[in-house]
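Down below is the structure, laid out as C-alpha cells.
Heads up: numbering here begins at 1 and tracks the sequence. Every value quoted in this text rests on a predicted model; they were computed, and no experiment measured them.
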Amino acid sequence: MKILRTVSDLQEFTRRAREDGKSVGLVPTMGALHAGHISLMKEARRNNDTVVASVFVNPTQFNNKEDLATYPRTEEADCRLLEQAGVDAAFIPAVEEVYPSQDSASPVHVFDLGAVAEVMEGAMRPGHFQGVAQIVSRLMRWAAPDRAYFGEKDFQQIAVIRRMVLTEKIPVEVVACPILREADGLALSSRNVRLSAEARKTAPGIYEALKASVPYSQEHTVAETREFVESRINALPGCETEYYAIVDALTMQPVDDWNSPHGVQGCITVYCGGVRLIDNINYRKAGA
C-alpha cells in the first residue's frame, strides 16, 4: 500500500489508475479505524479496481475545539488495517496540505446544502456540515473517483453529501453502506473507546430502544413512537437524549405520519456517560 502525503501525489496516483482503464473507489475517513470503516474498504474493494482511503482529522467540521483536540489519532494502526483490507493507497495529508490558506478557520466557499443540513446535526452543530462539505468536495475533486463510500451510521451526513455532489456537479456515485454493530448492538464508532466501563454496559440500550420501537410504530403514531424511544433511553443510567427525530429518509425533514414516499428514518443523538453517540433506524422503506 502506498502512503500519499500531498495532493499532487494523490492526483498522480489516481490519474495513472484511470489511464490504465481502472475504476477508482474513495473512502474518506478521519482515522481511528474500526471494523465499520473496514467494511467500507471491503465494499469499495469489491466494486473498484483501485481503492484509495483518506485519513484526515478535518478541523473545519468540529465546532468544539476540545472534541477536535481529543479525537483519537492512530496513524500506524490505521495503516495496518488499511493494508489488510486491500487498500491500494492511503492519503494522509497534513492540515496545511488540505487547507493551505486561512480557510481552515473560515472557509471561503459556502456550499448550498439546503434544508437537509439545517436540522438535527445541522442545528446542534452549527457549521459542521459546511466543514464536511469542505473536505469531502476536495477529496472528490482531487481523487476524481468513480464511487465514494460512506457509512449509514452518519445517515444525515450521506444526505448532505448527496446534496453537495448534486449542487457542485461532482461526477461521483455516493454509496451508502450499512451500519456495523458490536454483538450487543452498539453501533461501531471511534468515540466508543471514550466510554467508561459502566457507560459501555449501558450504551447498547440505545439500539435496543430503537429496535423495540419498530414493531411499536406499527400500531402507534409518530409522536407516540418518539416518546417511546426517548423515555426508554432517558431511563438508562447516565443517558440523556439530545434529540430524537423521525424524518423523511430523503429530505431529513420531520414527519407527522408514516406515509412518506421516500421512507421514514429515526435519527438519534444520546449523551451516554458524557460521550455523544449517534444512531438511526429505518421505520418504513421507500415506496412502502
Side-chain angles (χ1 to χ4, degrees), residues 7 10-11 14 23-31 36-37 40-41 43-44 47-48 51-64 68 71 91 93 95 97-179 245 247-254 262-263 265 267 269 278 280 286:
V7 172
L10 173 62
Q11 291 173 321
T14 56
S23 59
V24 177
L26 172 69
V27 187
T29 85
M30 292 207 300
H37 294 109
L40 305 183
M41 313 296 171
E43 184 65 16
N47 295 287
N48 299 276
V51 177
V52 177
S54 65
V55 176
F56 178 69
V57 181
N58 177 40
T60 67
Q61 69 191 72
F62 286 85
N63 58 344
N64 182 318
L68 173 60
Y71 196 90
F91 178 52
V95 172
E97 181 68 18
V98 175
Y99 299 111
S101 63
Q102 65 179 13
D103 71 344
S104 62
S106 38
V108 171
H109 184 63
V110 177
F111 293 84
D112 173 15
L113 301 178
V116 295
E118 295 172 357
V119 294
M120 298 187 292
E121 291 298 280
M124 295 296 173
R125 304 173 67 187
H128 169 68
F129 285 129
Q130 285 291 327
V132 170
Q134 290 289 330
I135 183 59
V136 173
S137 64
R138 291 173 194 227
L139 291 170
M140 287 178 171
R141 294 195 188 283
W142 293 335
D146 297 274
R147 302 169 192 88
Y149 294 79
F150 302 89
E152 286 188 338
K153 182 175 70 68
D154 298 294
F155 194 84
Q156 184 182 9
Q157 177 176 280
I158 294 174
V160 171
I161 290 169
R162 284 184 168 139
R163 165 78 181 190
M164 183 269 293
V165 164
L166 180 66
T167 58
E168 295 292 311
K169 299 179 172 61
I170 303 175
V172 60
E173 177 187 353
V174 175
V175 181
C177 299
I179 299 172
V247 301
D248 180 292
L250 177 66
T251 68
M252 300 295 110
Q253 301 308 297
H262 307 127
Q265 201 81 7
C267 300
T269 297
I278 66 172
N280 63 83

| query | Which class fits the ring pair Y99 and F56: parallel under 30°, tilted 30 to 60°, perpendicular over 60°? | reply | tilted

| remark: In short, D146 meets S23 closest at the heavy-atom pair OD2-CA, 3.2 Å

| Taking side chain as C-beta onward, heavy atoms only, is V132 less than 4.5 Å from V160? | no

| In Å and rounded to the nearest 0.5 Å, what is the CZ to OG1 distance from F91 to T14? | 10.0 Å

| message | So F129 and I161, do their side chains get closer than 4.5 Å, heavy atoms only? | response | no

| query | Can you tell me how far the CZ atom of R138 sits from the OG1 atom of T60, to the nearest 0.5 Å? | reply | 7.5 Å

| request: Would you check if T29 and M41 make a side-chain contact, meaning some heavy-atom pair closer than 4.5 Å? | output: yes

| task | Would you please name every residue forming a side chain to side chain donor-acceptor pair (under 3.5 Å) with Q265, sequence neighbours left out? | result | N280, N282

| remark: Shortest non-hydrogen pair, M124 vs N63, comes out as O-ND2, 4.0 Å

| request: Could you grab the distance from atom CD1 of I278 to atom CD of E121, nearest 0.5 Å is fine? | output: 5.5 Å

| message | For the backbone of N47 and the side chain of R147, can you confirm whether one donor and one acceptor N or O come within less than 3.5 Å of each other? | response | yes

| query | Would you call Y149 and V51 a side-chain contact if the rule is heavy atoms closer than 4.5 Å? | reply | no

| request: To the nearest 0.5 Å, tell me how far R162 CZ sits from I170 CD1. | output: 14.0 Å

| query | Does E168 reach the main-chain N or O of F111 with its side chain, forming a donor-acceptor pair under 3.5 Å? | reply | no

| Donor-acceptor pair, Q156 side chain versus V116 backbone, under 3.5 Å? | yes

| Residues which pass side chain to side chain donor-acceptor pair (under 3.5 Å) with Q61, listed by chain and number, not counting sequence neighbours | N58

| message | Would you say that V27 contacts H37 through its side chain, given a criterion of any heavy-atom pair below 4.5 Å between the two side chains? | response | no

| query | Going through the checks in order, is the side-chain contact (heavy atoms from CB on, under 4.5 Å) test met by L26 and L139? | reply | CA-CA 8 Å; L26 172 69; L139 291 170; 4.0 Å; yes

| said: Rounded at 0.5 Å granularity, tell me how far CE in M252 sits from CD1 in I158. | reply: 9.0 Å

| note | Value for CE (M120) from CZ (R125), rounded to nearest 0.5 Å, stands at 13.0 Å

| said: Under a 3.5 Å distance rule, please check whether Q253 uses its side chain to pair with a backbone N or O of D248 as donor and acceptor. | reply: no

| query | Closest approach of G31 and V55, non-hydrogen atoms and distance? | reply | CA-CG1, 3.7 Å

| query | Heavy-atom distance under 4.5 Å between the side chains of L113 and M164, does that happen here? | reply | yes

| Minimum heavy-atom separation for P59 to V57, with atom names? | CD-O, 3.2 Å

| field | Note, P28 side chain near I135 side chain (heavy atom, < 4.5 Å) | value | no

| remark: Heavy-atom closest pair (V24 atom, V52 atom, distance to 0.1 Å) is CG1-CG2, 4.5 Å

| side chain to side chain donor-acceptor pair (under 3.5 Å) partners of D154, counting only residues at least two apart | none

| field | Heavy-atom closest contact (Q11 atom, W142 atom, distance) | value | CG-O, 3.4 Å

